[in-house]
Amino acid sequence: MAPVREQLYAAIDVGTTKVATLVARVGASGAIEVVAVGRASSEGMKKGMVADADALTQSVRASVRYAEEMLGHPIPSAFVGITGAFLVSENVTARMSDGGQQPVSERDVDRLIEDTVAEYGARRPVLHVIPRMYQVGGVRNVRNPLGLNGAGLATQAHVVYGAPEPIALLNKVMADAGVKVRGFIIEQLASAEAVLTADEREIGAVLVDIGGGTSDLAVYKEGTLAHSAVIPVAGTQFTTDLVIGLGITPAAAEATKLHFGSCDTMGVSEKESVNVDTGMAGHTRPVSCFHINKLLRDRAIELTRLVLFKLREGGFDRVPASGIVLTGGSANLRGLAEVMREYAHCRVRVGTPLAAFGLPDELRESAFSTGVGLLAWGIQRRHAGAVAPAITVSEPVSSKLRGWLASRFHWKRSEKSLSALA
Ligand SMILES: Nc1ncnc2c1ncn2[C@@H]1O[C@H](COP(=O)(O)OP(=O)(O)OP(=O)(O)O)[C@@H](O)[C@H]1O
Ligand SMILES: [Mg+2]
């Protein structure tokens, strides 16, 4: 086999709360090592949409600059995560106009996908055409059509497209921030790449990436993506409920959620209270733990209903057998997985980038699922010979990630009981 050229790949997860940049080097042996990371808080995004292009450009620039400082030179063109309620997905059947060659070659399959992109792309920007099954001649449900004979090649594919304006605006933000976009990838597809096991994809599972601004769904069945959807409810709405319900500032509500919050109201007495910083001139006041948790629980129940609604919209009356896998920063909200288990009547687990990637603990964080998945998705499709899925990190990256995690754990709820904190 020809030696694999060493190459750099960059991924940028432009989230509602953070912009994370990851750069990986694929070595001559095909081994993948993350060699630079950057992170900046995200300004100017609302529910996955660009609300303030200048502010978001600054955030992307800052995140990329951190990664470039670590790298010592500019990052290469990047795979960029995209989300938002403007994305639409559809399962379609596409046929090759001229029936293709006999036996079916890789070129035929590529041409079938290109034709489908062209057909849909004439009306709106197409982000993905993901073949689920093929039909060769009269034979249906073929997973791998290569080498088969039969008149006519067709595929049942999952097509994701979006409104042109939001995509063009994100493209402009990236260009203004000095980033060359190598491809947009829907965030739940990236997260699923990093988090779902092969068995979950095969048996059927729902990945829900609950970030700050959106909860992104990807439903897998028989090994492939069967449905995708975006719900404009996520961590920010949990925080806003505390702002309104407790009469405190957004910053104080975010700190209260991270420090004390849980969706569990069972066994929490109404008399238990915590001193909450109102965010107003250093003023603190006691707030009932039950009240905090009830507000978060109500939002968690609503989110569960929306997940089930989106599943039904995609033709799934029941949650597939492997259940729901939660990821994204808000998957860390205490008691959320239990609420989903109770109301969706299925298995629910919290997923972090897979151990199968060989990742160190520092990258096995649910907030990094999209970033790791963007890298894995891009590298697997663009670099012949890469030894996916194993990914390691360089020592400077490892120590940077440990630093980020330490600052996040600062806000993690104390293991002491709430009454002891009151
Ligand atoms: N321990 C925790 N408990 C509760 N919520 C948490 C915790 N840690 C992080 N979060 C929430 O996670 C959210 C950020 O998650 P993440 O980094 O995945 O978002 P994002 O990718 O920037 O946003 P999006 O994907 O929606 O655009 C914030 O709303 C934050 O409050
Ligand atoms: Mg995200």
Side-chain angles (χ1 to χ4, degrees), residues 11-17 19 42-57 59-60 77-94 113-132 157-177 179-192 207-219 225-234 236-237 303 306-307 309-315 328 370 373-374 377-378:
I12 308 180
D13 172 13
V14 189
T16 307
T17 56
V19 180
S42 178
E43 308 291 338
M45 269 278 225
K46 211 167 178 199
K47 299 189 176 191
M49 307 274 283
V50 181
D52 179 339
D54 289 344
L56 187 61
T57 303
S59 302
V60 173
S77 59
F79 298 105
V80 176
I82 190 166
T83 182
F86 60 89
L87 296 176
V88 183
S89 70
E90 240 178 80
N91 286 325
V92 305
T93 301
I113 295 171
E114 282 160 19
D115 287 356
T116 314
V117 171
E119 191 193 325
Y120 275 79
R123 282 169 277 156
R124 57 233 142 169
V126 173
L127 295 166
H128 299 286
V129 172
I130 300 166
R132 299 174 56 218
H158 189 72
V159 177
V160 183
Y161 53 87
E165 297 82 8
I167 297 174
L169 192 52
L170 185 57
N171 217 350
K172 179 178 183 316
V173 165
M174 301 313 287
D176 290 350
V179 174
K180 199 156 171 279
V181 177
R182 191 156 182 191
F184 285 117
I185 296 168
I186 59 166
E187 293 182 3
Q188 58 270 55
L189 195 64
S191 299
L207 184 285
V208 189
D209 184 326
I210 313 174
T214 59
S215 295
D216 305 335
L217 250 82
V219 185
L225 184 64
H227 180 52
S228 58
V230 178
I231 299 170
V233 171
T236 308
Q237 280 67 39
L303 181 56
L306 288 170
V307 168
F309 174 76
K310 287 290 180 188
L311 280 176
R312 275 196 302 277
E313 262 190 354
T370 304
L374 287 170
W377 172 275

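Nothing fancy with the numbering, it's 1 onward along the sequence.
- Taking both residues in full, the closest heavy atoms of Lys310 and His227 are given as O-NE2, 3.1 Å, listed atom of the first, atom of the second, then distance.
- Residues Ile186 and His128 form a side-chain contact, since some pair of their non-hydrogen atoms from C-beta on lies under 4.5 Å apart.
- A donor atom on one side chain and an acceptor atom on the other are not found under 3.5 Å apart for Thr57 and Asp176.
- In terms of heavy-atom proximity, Gln237 sits nearest to Ala234 at OE1-N, 2.7 Å.
- In terms of the salt bridge (charged side-chain N to carboxylate O under 4.0 Å, His left out) criterion, Glu119 has no residue partners (sequence neighbours excluded).
- Residues that satisfy the salt bridge (charged side-chain N to carboxylate O under 4.0 Å, His left out) test with Asp54, not counting sequence neighbours, are absent from this structure.
- Of the candidates Val117, Ile167, Val129, Val88, Tyr161 forms a side-chain contact (heavy atoms from CB on, under 4.5 Å) with just one, namely Val88.
- Under the side chain to side chain contact (heavy atoms under 4.5 Å, CB included) criterion, Ala218 pairs with Gln188, Leu207, Tyr220, Leu225, sequence neighbours left out.
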* To do: Determine, stepwise, if the pair Leu303 / Ser215 fulfils side-chain contact (heavy atoms from CB on, under 4.5 Å).
  => CA-CA 9 Å; Leu303 181 56; Ser215 295; 3.7 Å; yes
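- The two residues Ala11 and Leu374 come nearest to each other via the heavy atoms CB-CB, 3.6 Å.
- With hydrogens and angles left out, the side-chain atoms of Thr370 and Ser191 include a donor and acceptor closer than 3.5 Å.
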* Asked: For Glu43 and Leu56, what are the C-alpha separation, side-chain angles and deciding distance, and is it a side-chain contact (heavy atoms from CB on, under 4.5 Å)?
  -> CA-CA 5 Å; Glu43 308 291 338; Leu56 187 61; over 6 Å; no
* What's the verdict on side-chain contact (heavy atoms from CB on, under 4.5 Å) for Phe79 and Val181, showing C-alpha distance, side-chain angles and the deciding distance? -> CA-CA 6 Å; Phe79 298 105; Val181 177; over 6 Å; no
